[in-house]
Every structure is written in structure tokens, then in C-alpha cells.
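All remarks here apply to the structure that follows.
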Amino acid sequence: MTLLKKRNKISFTLIAVVVGFMVALQFKTFKEPSVKQVRDTRDSYELRSGILKEQKVQTELVQEISKLEEKLAQYDTTRSQSKEQILSETLEELKSEAGMTEVSGKGIILTIKPIEENILLGENISNVSPDLLKRLLNELFLYDAKEISINGQRIITTSVIRDINGQTKIDGKSVSRDSIEVRILAEDAKKLKERIQVSPSIDNFYVDNYEVTISNPLDIVTLPPYQNSLNIQYMEPVDE
């Protein structure tokens with residue numbers, strides 16, 4: 001194999017990997033840490049949420065196909081620009097899509113705290129449950145949230161929220177019981193606030209002796225980058 005053919009093969013392989021990553025990292029549906037059997041006894045709220053999520057995923061898929069077609073067209077038509085430069089730019093896009101960079105934009109901030117009156121009355125305030133946080137995140141993404149962080153921890157597609165020895169943890173880091181700050185970016189922050197105000201999740205927090213304060217829409221909300229290393233599964237290097 002000539003050197004030119006070998007370089008073309010390597011470039012094609014890198015492009016294929018990049019395109020695969022872009023498809024995998026686009027979707028913001030929050031995943032469970034393990035696969036669970038779906039019950040047929042789900043309530044109407046869960047069924048309605050499931051339908052809306054599927055519709056949102058289909059819309060995002062159409063948009064993603066369009067973006068990928070544009071990206072492929074760029075690879076085909078931009079002959080004067082080096083492949084290395086294109087791949088470098090695409091890598092930065094992927095890092096941004098994966099939540100590995102700081103991001104700012106319009107959004108709102110939720111503050112979750114124990115209800116003080118209930119504390120004074122001697123109510124037992126337990127940790128916010130993982131299920132409650134996961135439902136909140138799923139609803140936020142359903143309501144067109146673009147990026148989310150909780151107490152300075154960026155939420156990405158592979159983030160895991162679970163109970164470990166009685167402590168609610170996000171990607172292995174404990175969530176404070178005293179105060180939880182949820183930062184959310186959205187193209188229409190006002191609409192997001194209006195929708196989350198009447199969300200069932202807000203009532204669920206109240207039942208668990210927590211109150212949720214929602215800020216007014218803000219022009220600038222800054223989210224930190226994801227701090228942990230990404231665990232990439234089911235990928236192997238291609239033999240040359």
C-alpha cells in the first residue's frame with residue numbers, strides 16, 4: 001500500500017470515528033445506571049412523558065442527520081483546507097457537545113433546600129432521593145433544557161445518579177442535603193421557567209420536605225465543564 005493510500009485510509013477512519021461520536025453525544029436523554037425492566041403499570045404521567053420524549057428524540061435525530069450531512073459536505077468540498085485542521089475543529093465541537101468545556105448562555109437557576117418550618121416542627125429531612133433528581137432532569141430536558149449542572153457538577157449523557165450507602169451521589173460525588181443548586185441553559189429561559197413551575201417534580205420535592213425556588217430568566221448562566229474522565233465502551237482501534 002502506497003503512503004498516500006495509507007494516509008487516506010487513516011483520514012477516512014478518523015472521520016468515521018468523529019461522525020460516530022457526534023451521533024452518540026448529541027442526545028440529552030438522561031440514562032439509568034442499569035437496565036431495568038419496564039413495567040406495564042406505569043401511570044398516565046409516565047406514559048405521556050415517554051411519548052413526548054420519543055417525539056423529541058425523533059426531532060433531534062432529523063436535525064442531527066442534517067448537521068452530519070453538512071459536515072460530510074464540508075469534508076468533500078473543502079480541498080484547500082487540511083484534513084488535520086478540519087479534524088481539530090471537529091474535536092473541539094465534540095468536546096463542547098460532550099460537556100468537556102465551560103459554557104454560558106441564557107437560563108435559570110433552581111435552588112432546592114429543606115423547608116425551614118418543617119425542620120422546626122421536628123420533621124425528618126432525608127437526602128433528596130436519586131429518583132427525584134432523575135425525574136427532575138428528565139423533565140428539564142423534556143422542556144428543552146440544553147445543558148444542566150448540579151452543585152457544580154456538569155450533567156452529561158453518561159452521568160449516573162444513585163444511592164450509595166444512604167448518600168445520593170452524582171458520578172460518585174455526594175449531593176449536599178442542605179442546598180442543591182441546579183443551573184440550566186435554554187434557548188427560551190422564560191418558557192422553561194413557566195413549564196417547570198407547574199411540573200409534578202416540584203410537588204414531589206415538597207412532599208419530601210424540600211422547597212424549590214426558581215430564579216427569573218437570566219441572560220448569563222455559566223456551567224462548569226465535566227470533570228471526570230469519559231468512559232468509552234464498545235470501541236476498538238482499527239487495524240492498519
Side-chain angles (χ1 to χ4, degrees), residues 21-33 53 56-57 59-60 63-64 67 89-113 127-162 167-197 199 201-202 205 210-232:
F21 265 119
M22 292 183 72
V23 173
L25 294 175
Q26 280 293 314
F27 302 109
K28 296 292 189 297
T29 302
F30 189 76
K31 298 182 178 179
E32 297 283 351
K53 287 177 186 177
K56 187 171 185 291
V57 168
T59 301
E60 290 179 339
Q63 295 173 347
E64 183 58 30
K67 290 180 182 179
E89 293 174 354
T90 304
L91 177 60
E92 291 304 314
E93 288 182 30
L94 291 173
K95 289 173 67 176
S96 177
E97 293 291 344
M100 304 298 290
T101 59
E102 182 179 278
V103 62
S104 297
K106 295 182 179 180
I108 60 175
I109 299 176
L110 307 185
T111 304
I112 305 171
K113 292 184 176 181
N127 292 321
V128 172
S129 71
D131 289 340
L132 203 53
L133 282 179
K134 286 184 282 190
R135 171 169 284 197
L136 174 64
L137 290 175
N138 280 331
E139 286 190 353
L140 288 170
F141 284 130
L142 183 64
Y143 298 155
D144 296 326
K146 297 302 180 184
E147 303 290 345
I148 299 175
S149 70
I150 299 179
N151 282 2
Q153 292 180 247
R154 186 76 166 269
I155 302 299
I156 64 172
T157 306
T158 58
S159 291
V160 175
I161 301 178
R162 57 186 173 186
Q167 291 286 328
T168 298
K169 297 191 176 184
I170 301 176
D171 293 330
K173 297 181 180 179
S174 297
V175 177
S176 172
R177 185 185 66 177
D178 297 330
S179 181
I180 300 174
E181 182 183 78
V182 184
R183 291 176 169 251
I184 311 113
L185 300 187
E187 291 184 3
D188 192 337
K190 180 180 178 182
K191 182 178 179 181
L192 175 62
K193 178 182 179 179
E194 292 173 349
R195 298 180 74 177
I196 200 63
Q197 278 180 321
S199 165
S201 291
I202 303 301
F205 277 103
Y210 283 88
E211 60 182 353
V212 180
T213 303
I214 308 174
S215 74
N216 290 324
L218 302 169
D219 290 333
I220 298 295
V221 176
T222 301
L223 276 61
Y226 184 71
Q227 300 294 334
N228 297 348
S229 59
L230 291 176
N231 183 19
I232 301 175

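- To the nearest 0.5 Å, atoms CD1 (I220) and NZ (K106) are separated by 9.0 Å.
- Taking each heavy atom of G152 and P224 in turn, the nearest pair found is O-CG, 3.2 Å.
- With rounding to the nearest 0.5 angstrom, the NZ atom of K146 is 14.0 Å from the CG atom of L223.
- Of the candidates L185, I155, L110, L136, I148 forms a side-chain contact (heavy atoms from CB on, under 4.5 Å) with just one, namely I155.
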* To do: Evaluate the criterion side-chain contact (heavy atoms from CB on, under 4.5 Å) for residue pair I184 and I196; output intermediate values, then yes/no.
  => CA-CA 11 Å; I184 311 113; I196 200 63; over 6 Å; no
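- Minimum interatomic distance between Y210 and V128 (heavy atoms only, all atoms of both residues): CZ-CG2, 3.5 Å.
- A search for side chain to side chain donor-acceptor pair (under 3.5 Å) contacts involving N151 returns nothing, not counting sequence neighbours.
- Every side chain to side chain contact (heavy atoms under 4.5 Å, CB included) that P217 has, sequence neighbours left out, goes to A189, K190, K193.
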* Tell me, with the steps shown, if N127 and V175 meet side-chain contact (heavy atoms from CB on, under 4.5 Å). => CA-CA 8 Å; N127 292 321; V175 177; over 6 Å; no
* **Worked check of side-chain contact (heavy atoms from CB on, under 4.5 Å) between T158 and D171** => CA-CA 9 Å; T158 58; D171 293 330; over 6 Å; no
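- Note: I112 CD1 to I150 CD1 = 7.5 Å, rounded to the nearest 0.5 Å.
- For V103 against E147, the heavy-atom pair with the smallest separation is CG1-CG, 4.4 Å.
- For E181, the salt bridge (Lys or Arg N to Asp or Glu O under 4.0 Å) partners at least two apart in sequence or on another chain are R183.
- Legend: residues meeting side chain to side chain donor-acceptor pair (under 3.5 Å) with E187, ordered by chain and number and at least two apart, are absent.
- Going from atom CD1 of I214 over to atom CD of Q197 covers 5.0 Å, rounded to the nearest 0.5 Å.
- The two residues N216 and I108 come nearest to each other via the heavy atoms O-CG2, 4.3 Å.
- Between R135 and S201, the shortest heavy-atom distance links the atoms CG-OG, 3.3 Å.
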* Take L137 and I161, measure what side-chain contact (heavy atoms from CB on, under 4.5 Å) needs, and give me the verdict at the end. => CA-CA 11 Å; L137 290 175; I161 301 178; 3.4 Å; yes
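- With sequence neighbours excluded, the residues that form a side chain to side chain contact (heavy atoms under 4.5 Å, CB included) with S179 are T111, K113.
- For the side chain to side chain donor-acceptor pair (under 3.5 Å) test, no residue two or more places apart in sequence or in another chain qualifies with T101.
- Scanning both residues, Y226 and R154, for their nearest heavy atoms gives CD1-O, 3.5 Å.
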